Colleague: 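This structure is in structure tokens; I'll ask about it shortly.
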Amino acid sequence: MTRKPTGPGTSPPLPSPKERRRLREARQLTEEQVATAVGVTPATVRAWETGRTSPRGRRRAAYAKVIGSAGPPTPPKAETAPGTGTEKRAEAKTAEAKTADSGTKSPKTRVDQETAADRKAPVSRETAVEEAGAGAPNRAPVPVPVPVPVPETETVPATVPDTVSDPAPDPAVVAPPAPAGLTAAEAFDALYTHTAPGLVRQAYVLTGRRNLARESVERAFQLAWHRWPEVARDRDPAGWVRAAAYEYAMSPWNRLRRAHRRPDALPEEPGRRALLHALLEMPASYRRTLLLHDGVGLGLAETAAETEASTPATAGRLVNARATVAERLPELARCSSPAGQSVVLRERLGALALAERVPAPSSAPVVRTGGERRAQRWTRATVCFGVLLAGATAFTLNTAPTHYEQPIAPAARVAGVPPLAGPEKLTAQDLKLQKALRGELAHGPERLVPRIP
């Protein structure tokens with residue numbers, strides 16, 4: 001019996017992370033399409049393209065085939081027959097033209113047809129990196145149908161909905177790249193329209209307070225507009241806003257506010273009520289880790305990075321959070337594998353977020369204008385405080401005394417003063433002492449040594 005060789009030697013070589021992204025964009029494939037074809041989440045594809053992790057095993061071969069770094073094998077006749085290369089290039093161009101005219105090109109067709117530019121692209125070998133948190137429970141990808149590629153202006157396909165978002169937007173996925181020529185305000189409005197409704201539902205699941213959820217999302221987008229050059233250059237603008245919204249929603253200062261001191265009424269449906277009650281009972285860090293990993297669909301490494309914790313600590317929080325929820329959800333306790341628990345939690349969190357009524361966020365221009373006014377008020381308050389402090393300092397320097405003046409004692413009326421008289425007469429003892437002192441030397445040891453009669 002012969003064994004198949006398994007090991008690094010049989011794994012197809014992959015280009016550098018930047019080259020992976022360039023090859024994907026050259027084939028006009030989105031992260032969602034690549035993730036669906038390989039069987040992973042878009043966050044995992046994003047991690048592969050940033051260099052944080054690398055695919056392994058069958059996913060490595062499938063990913064290499066999708067991006068075109070490992071093309072299909074060339075038939076033997078192509079090596080012997082002269083002029084076959086030119087004919088194949090012409091055939092490939094003709095096939096591409098026919099497919100473009102049809103108007104419905106599937107991702108599989110794009111993957112199998114390899115252009116000459118992709119074949120000539122330099123490929124650098126890269127050692128496979130172990131995925132962060134390999135020891136933690138891995139989630140099995142949910143099989144979904146391959147979506148038809150959509151233009152950049154459309155929303156994410158409905159076949160891959162986010163767990164805690166509206167049916168249209170997907171906060172866990174990066175917003176589609178805006179066409180060139182958009183202004184900063186238009187790009188911000190597109191990001192807000194794409195991610196704000198879903199983030200409000202996520203914040204509600206995280207806090208159990210509807211008004212606080214809307215307020216946290218609006219404040220996060222106001223901060224994003226205030227730092228828009230930084231957010232626009234970020235690899236994941238939606239993730240940047242999500243992290244800011246979560247931080248504001250979980251701030252302990254909200255407990256001091258009368259409006260957000262207590263959570264809202266729990267849902268009436270027993271299943272959703274038990275799930276939300278279990279979430280609100282656990283610590284905020286556990287709640288956030290569970291929502292990001294099993295709700296939004298981030299990987300363990302991405303969850304650890306967003307929560308600013310180590311990968312082992314994040315894995316421990318995730319295990320403890322699942323155990324806490326399993327005490328109230330019998331169907332979760334019946335799942336023996338972590339992958340099955342992740343699938344059940346994803347469905348239940350999605351149902352909880354979509355079933356509850358949350359206040360709709362304000363429009364993008366209102367949030368943007370409110371952020372600008374808020375920044376102007378803070379700027380004016382800071383300038384006024386600075387001017388007041390400088391004026392107080394100048395006034396103090398001009399009016400402060402340069403030397404110390406002893407205060408004059410207040411006048412007081414004196415009573416019982418003896419009558420004015422001359423010096424009193426010396427007694428005989430005083431005269432004797434005076435004579436003895438005058439007869440002694442003024443200086444010397446004699447004055448220091450007492451005489452004992």
Side-chain angles (χ1 to χ4, degrees), residues 203 207-228 230 243-264 280 283-285 308 362 366-453:
T207 60
R209 298 166 174 83
R210 294 175 174 82
N211 294 331
L212 179 59
R214 181 180 63 178
E215 181 181 346
S216 61
V217 172
E218 292 180 356
R219 288 292 180 85
F221 272 99
Q222 289 177 1
L223 182 61
W225 177 244
H226 183 64
R227 303 179 182 178
W228 184 246
E230 173 188 349
Y246 282 15
E247 290 292 339
Y248 184 88
M250 296 190 308
S251 176
W253 295 105
N254 293 325
R255 301 176 184 175
L256 303 178
R257 302 172 59 183
R258 191 171 184 179
H260 306 316
R261 190 170 300 174
R262 296 181 180 179
D264 298 342
L280 296 180
S285 58
E308 299 181 356
S362 305
V366 172
V367 173
R368 183 162 28 87
T369 306
E372 294 174 354
R373 293 178 180 175
R374 184 181 182 85
Q376 290 176 0
R377 287 195 299 266
W378 277 104
T379 303
R380 292 173 182 174
T382 304
V383 171
C384 293
F385 179 76
V387 172
L388 181 62
L389 183 62
T393 304
F395 177 78
T396 304
L397 293 176
N398 292 330
T399 57
T402 58
H403 59 281
Y404 177 73
E405 296 180 358
Q406 186 176 3
I408 302 176
R413 188 173 184 179
V414 180
V417 179
L420 183 62
E424 299 180 357
K425 294 180 179 182
L426 299 178
T427 62
Q429 186 179 0
D430 295 339
L431 292 174
K432 184 179 179 180
L433 179 60
Q434 183 180 11
K435 185 178 180 180
L437 291 175
R438 288 178 179 177
E440 298 291 341
L441 295 176
H443 304 284
E446 293 82 359
R447 299 292 300 272
L448 300 178
V449 180
R451 289 184 180 183
I452 301 175

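Both backbone and side-chain heavy atoms feed into the values below; hydrogens, waters and symmetry mates do not. On a predicted model such as this, the values are computed, not experimentally measured, just so you know. Residues take their numbers from the sequence shown, with the count starting at 1.
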Colleague: Which pair of heavy atoms, one from A249 and one from L212, lies closest together, and at what distance?
Modeller: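 Nearest pair, atom of A249 first, then L212: O-CD2, 3.8 Å.
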Colleague: Between G370 and Q222, what is the shortest heavy-atom contact and its length?
Modeller: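 Reported closest heavy-atom pair: C-NE2, 4.0 Å.
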Colleague: Check whether any side-chain heavy atom of R374 lies under 4.5 Å from a side-chain heavy atom of R219, and answer yes or no.
Modeller: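 Yes; the side chains approach each other to less than 4.5 Å.
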Colleague: Under a 4.5 Å cut-off applied to non-hydrogen side-chain atoms, are T369 and R373 in contact?
Modeller: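 In contact.
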Colleague: Taking all heavy atoms of T207 and all of L280, pick out the closest pair and write down the distance.
Modeller: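 Shortest heavy-atom contact: O-CD2, 3.4 Å.
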Colleague: I need the Q429 CD to L431 CG distance, nearest 0.5 Å.
Modeller: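 Interatomic distance, Q429 CD to L431 CG, rounded to 0.5 Å: 10.5 Å.
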Colleague: Would you call E215 and R257 a salt bridge, taking side-chain N to carboxylate O under 4.0 Å as the test?
Modeller: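 The answer is yes: the pair qualifies as a salt bridge.
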Colleague: Taking all non-hydrogen atoms of both residues, which atom of S216 and which atom of A245 are closest, and how far apart?
Modeller: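 Shortest heavy-atom separation between S216 and A245 comes out as CB-O, 3.7 Å.
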Colleague: Please check if atom CD in Q376 has more than 12 non-hydrogen atoms from other residues, nucleotides or ligands closer than 6.0 Å.
Modeller: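 Yes - once you tally the heavy atoms of other residues, nucleotides and ligands closer than 6.0 Å, there are more than 12.
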Colleague: Hey, what do you get for CD (E372) to OG1 (T379), rounding to the nearest 0.5 Å?
Modeller: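 Reported to 0.5 Å precision, the distance equals 11.5 Å.
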Colleague: Is there a donor-acceptor pair closer than 3.5 Å between any side-chain N or O of N254 and the backbone N or O of Y248?
Modeller: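 Judged by distance alone, yes, a pair lies under 3.5 Å.
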Colleague: Could you tell me the separation between the CG atom of L437 and the CG atom of L433, rounded to the nearest 0.5 Å?
Modeller: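 The distance works out to 4.5 Å.
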